[in-house]
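See below for the structure under consideration.
Each ligand, and each atom within it, is numbered from 1 in the order the structure gives.
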Amino acid sequence: MKLERFKDPLPIPPVIKPKWKTSDYTYYEVSMKETKQSLHRHLPQTTIWGYEGMYPGPTFNVETGERVLVKWMNALPDKHLLPIDHTVHGAEKEKPDVRTVVHLHGGRTEPASDGYPDAWFTNGFAARGPFFQKEIFEYGNQQSSRALWYHDHAIGLTRLNIYAGLAGFYFIRDGHERLLNLPSGPFEIPLLLQDRSFHEDGSLAYPNQPENNASGITPSIITSFFGDTILVNGKVWPYLEVEPRKYRFRILNAANARFFRITLDSGQLFYQIGTDSGFLERPVGVNTILIAPAERVDVIIDFSNMGGASIILKNDAPTHFPIGERVSPETTGIIMEFRVTKPLSSIDTSTIPANSGPIKWLPANSSRKHRFLELSEEKDQYGRSIFLLDKKMWDDPISENPHLGSVEIWSFVNTNGDDHPIHVHLVQFQILERRPFDVGYYKKTKQVRYTGAGIRPEAGERSWKDTVRCPPGHITSIIIPFFPFTGQYVWHCHMLEHEDYEMMRPYQILPPR
Ligand SMILES: [Cu+2]
């Protein structure tokens, strides 16, 4: 299907209002609903699933330390919009087709509210998964200012539920952020990047089997979904009219599997000020930013001297990443357009701060435990590709069990050809290094033989993170302090087709030693 670019203005998801607010807590209700929405002016309306019937969902704006309660409710139909593979763990035929549970990505959340994949629930909470504990989730927001996002996390269905539309932004605000005098209000814009494909009737297209399906199973899970259309905030190739001034963009890669490597065709720099989990120590000016699924970047673009210009936000990340098909310059290579056509409404007094505050760096020797965890590609019993963590399945006994208050180094030993964005729930971490190693030798002997020096994280990664890219042929090491809760969480690849098919593991935070 050929859709014209830059026909629709960029929608900005509305900020959700609480049901009530007391001095002690703020209470929200959010209902997941099926509805129809226009995703492009020339495309018939698309049936989507949205939080509050919106795709993307409404944006949360909360304050550091604010106690937020959310009753997430499933008001979806009984039948799924998209093809379910019942051979995938947790999505067996006897399970309800439409199961949901919400995870606040990047949140320091108690286990009962973290959206454990087996804590799913159906319409009206009629059926509940084995780990379901409560109807109202609680978020303490004991975190500094940053961009989180909320999305579905139901076992065996996450790729389909998010594809159907179940994702939204969640910003934590604080006084430090306000003191930085960043572009704000109408000049702070969230950009949720995704790829999708459509049928002629406007409905969402998601393959019901891989191209060369030798497994005999239909529907069958695919290795990675890549769409032929790019959407921002739920619109296909939108445009945004801006004033000649600085804007702050909160960019999230919410795609199933596509990496975005973004540039501006004007040759301008992005001034990156933050990552997944807060500010960099100081902004970095960069031409290009690589954003894996679930990563966020906080950038300022200065349109001050660009009056009248049209600037295209482009993407050139191959699929799969890093070695795969090149993007099409006419379609997947284009994200959106900025038009500097609005008159300046007021003098731009916002700043790109020279400093955003020091980060307490964790030295490698502050860790007591170092785990090497392989990211491997195997074949399942039907001959399909399956990616595993440490060669273990979701159902295998828990093997990662740090103590509360401890610091560990996790080294992801990537022996396959994909770059995998690994996300650890509850915690934030720092990237120590990525170091090339001898993959063949490792596969034979399980011994690490490095083939080069460790590579420091990129300038735009030098802060706290919750998702880390683990390129092939490298051992990616992160250092993680485990707090403030004990209990069971998950860690996983955030390419949703991988996560849904065994590239996810439970982990347990034990009481302090
Ligand atoms: Cu993966």
Exercise. Can you check whether M495 reaches M503 side chain to side chain, under 4.5 Å on heavy atoms?
Worked result: no

Seminar exercise, completed: Output for pair (W149 CH2, T59 OG1), nearest 0.5 Å, gives 13.5 Å

Exercise. What is the name of the N/O/S atom in H420 that sits closest to the Cu ion (ligand 1)?
Worked result: ND1

Problem set entry | Donor-acceptor side-chain pairing of N256 and E497 below 3.5 angstrom | yes

Problem set entry | Metal site the Cu ion (ligand 1): N/O/S of C493 inside 2.8 Å | yes

For this session: Give the atom name of whichever N/O/S atom in H498 sits closest to the Cu ion (ligand 1).
Result: ND1

Exercise. Any side-chain heavy-atom pair from T46 and H199 closer than 4.5 angstrom?
Worked result: no

